[in-house]
2 protein chains.
Amino acid sequence: MNEAIENILQSKDIAPTAMRILVLEYLQKQTAAVNLADVEAGFAQADRITIYRTLKTFEEKGLIHSINDGTESTKYALCAEACKAGDHYDLHLHFFCIKCRQTYCLPKHKVPEIDLPAGYQLKELNLVAKGICDQCT
Amino acid sequence: MNEAIENILQSKDIAPTAMRILVLEYLQKQTAAVNLADVEAGFAQADRITIYRTLKTFEEKGLIHSINDGTESTKYALCAEACKAGDHYDLHLHFFCIKCRQTYCLPKHKVPEIDLPAGYQLKELNLVAKGICDQCT
DNA sequence: TCGTCCATGCAACCCGATTGCATTGTTTAA
DNA sequence: TTAAACAATGCAATCGGGTTGCATGGACGA
Ligand SMILES: [Mn+2]
Ligand SMILES: [Mn+2]
Ligand SMILES: [Zn+2]
Ligand SMILES: [Zn+2]
């Protein structure tokens, strides 16, 4: 059972410690993006800093991606498998619900092509929609 | 001279105090979006909190809009004239240069239409591009 | 077994954002 | 004209997310 989780970590070049396995299991259960406080609250006793560094490591190694939805805290969600250290391939739309304040990945909605003025080089594109989610309608 | 500035403030239902006139004049001079510290540094002696509240008021009244470019601080820039209290009409692309760390409004690049899954209601759409600006190429 | 490396835990700090409150300035109604 | 009512300002204090320093502990290879 842990086998699968450990394999995922190792495939992303992350040493599978107890904490990391727990955090990854937690992330897999989520249906919306979570912030540091959410993860912390997901465990009876857990060190905030260790979770913080775990999430940082996960992000660096391409296991999760961070989302800046305009709220006070950064949120995290699991990446598509194709993501690698330093490269997040699946650029998709994120939706923030102003009612339940949940942030959802919409991986089927790829960010659109945009053309920039002459001389501008594009490296990254962030698209965040705000509104009311289907649960809250 | 101040006449024009005062008219702008009054047209947005903002009482034209000395500080507000100065801040608006400052904002009109900018070519990139600014944060609170920028505005503060733009004056010899100025109270940070007053500027903070000035920017908040400007935003509420639809004179400026705030930009979350993924950096540590919120940035602000003047709105199109059509913007009103609570309603920012000119949804456009913002470009953050990773070299000079400036954030530019690209009002000619409107945010694209997106279609959401059934049951999702759209209220707002934020699009931020990151890369290298024409000055830094 | 020892030494090295990495992960962890705890304390401390940084900084942008925000609030409380007393004071000052401006507007409004008597 | 004057006094009350209201809005803006200035200063101190706080909050909270994010980040770093450092000592300890566990895993693993020489
Ligand atoms: Mn996502
Ligand atoms: Mn803009
Ligand atoms: Zn919702
Ligand atoms: Zn630049």
Side-chain angles (χ1 to χ4, degrees), chain A residues 2 5-6 8-10 12-27 33-61 63-77 85 96 101 103, chain B residues 2 5-6 8-10 12-26 33-61 63-77 85 96 101-103:
Chain A
N2 268 8
I5 297 275
E6 290 186 31
I8 293 171
L9 289 171
Q10 271 155 356
K12 300 276 181 175
D13 195 34
I14 303 168
T17 68
M19 190 78 249
R20 288 167 177 176
I21 290 168
L22 287 172
V23 171
L24 178 50
E25 282 174 340
Y26 173 86
L27 290 172
V34 293
N35 63 21
L36 176 56
D38 292 330
V39 183
E40 198 186 356
F43 301 99
Q45 113 294 24
D47 181 57
R48 199 180 102 255
I49 316 298
T50 302
I51 296 173
Y52 167 77
R53 285 196 265 234
T54 298
L55 293 173
K56 278 279 176 193
T57 302
F58 283 8
E59 187 183 12
E60 279 162 20
K61 299 292 188 177
L63 178 57
I64 62 177
H65 61 283
S66 61
I67 306 159
N68 201 313
D69 59 15
T71 63
E72 56 294 335
S73 65
T74 305
K75 294 188 179 152
Y76 300 91
F96 173 72
R101 299 189 64 81
T103 298
Chain B
N2 267 6
I5 298 275
E6 290 186 30
I8 293 171
L9 290 171
Q10 272 157 354
K12 299 277 181 176
D13 196 32
I14 302 168
T17 68
M19 190 76 246
R20 286 167 178 177
I21 290 168
L22 287 171
V23 171
L24 177 49
E25 281 174 342
Y26 173 87
V34 293
N35 64 20
L36 176 57
D38 294 329
V39 183
E40 199 186 354
F43 301 99
Q45 111 298 19
D47 182 58
R48 202 180 94 253
I49 314 298
T50 302
I51 296 172
Y52 168 77
R53 285 195 267 235
T54 298
L55 293 173
K56 277 280 176 192
T57 301
F58 282 8
E59 186 183 11
E60 279 164 20
K61 298 293 187 175
L63 179 57
I64 63 177
H65 61 282
S66 62
I67 308 159
N68 201 313
D69 59 15
T71 64
E72 58 292 336
S73 66
T74 305
K75 293 184 182 154
Y76 299 91
F96 173 72
R101 300 189 64 79
Q102 299 281 317
T103 298

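In what follows, chains carry the letters A, B, and so on, assigned in the order in which the sequence lines appear, proteins first and then strands, with residues in each chain numbered from 1. FYI, side chains are in, hydrogens and waters are out, and symmetry mates aren't considered; it's all heavy atoms of this structure.
In this structure, B:Ile51 places its CD1 atom 14 Å from C1' of D:dC11, rounding to the nearest Å. Rounded to a whole Å, the CE atom of B:Met19 is 15 Å from the C1' atom of C:dG25. In this structure, B:Ile21 atom CD1 and D:dT9 atom C1' are separated by 15 Å, rounded to whole Å. In this structure, CD1 of A:Ile67 is placed 17 Å from C1' of D:dG17, rounded to the nearest angstrom. In this structure, NZ of B:Lys75 is placed 13 Å from C1' of C:dG16, rounded to the nearest angstrom. Rounded to whole Å, atom P of C:dA17 lies 11 Å from atom CD of B:Glu59. Between the CG atom of B:Leu55 and the C1' atom of C:dT18 there is a distance of 14 Å, given to the nearest Å. B:Ile14 places its CD1 atom 17 Å from the C1' atom of D:dT9, with the value rounded to the nearest Å.
Below the 3.5 angstrom threshold, one finds no donor paired with an acceptor across the side chain of B:Arg20 and the base of C:dG25.
An OP1 or OP2 oxygen of D:dG18 is reached within less than 4.0 angstrom by no side-chain nitrogen or oxygen of A:Lys56. For A:Thr50 and C:dG9, the shortest distance from a side-chain N or O to OP1 or OP2 is below 4.0 Å. The phosphate of C:dG16 (OP1 or OP2) has no side-chain N or O of B:Thr74 nearer than 4.0 angstrom.
Summarising the geometry of B:Phe96 relative to B:Thr103, their closest heavy-atom pair is CD1-OG1, 3.3 Å, with the distance given to 0.1 Å. Of all the heavy atoms in B:Lys75 and B:Ala33, the pair that sits closest is CB-CB, 3.9 Å. Minimum interatomic distance between A:Leu27 and A:Phe58 (heavy atoms only, all atoms of both residues): CD1-CD2, 4.0 Å.
Summarising the geometry, atom OG1 belonging to B:Thr57 is positioned 12.0 Å from atom CE belonging to B:Met19; distances are rounded to the nearest 0.5 Å. The line from CG of A:Leu24 to CD1 of A:Ile14 is 8.0 Å long, rounded to the nearest 0.5 Å. Annotation: the span from B:Lys56 atom NZ to B:Thr54 atom OG1 amounts to 12.5 Å, rounded to 0.5 Å.
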* B:Leu63 and B:Leu9: side chain to side chain contact (heavy atoms under 4.5 Å, CB included), yes or no, with the steps? -> CA-CA 8 Å; B:Leu63 179 57; B:Leu9 290 171; 3.8 Å; yes
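DNA chain C is contacted by B:Arg48, B:Ile49 of residues 33-49 of chain B, taking any non-hydrogen atom closer than 4.0 Å.
With D:dT9, D:dT19, C:dT8 as the candidates, the nucleotide lying closest to the side chain of A:Tyr52 is D:dT19.
Positionally, the nearest nucleotide of DNA chain C for B:Ser73 lies more toward the 5' end than for the other of B:Ser73 and B:Arg53.
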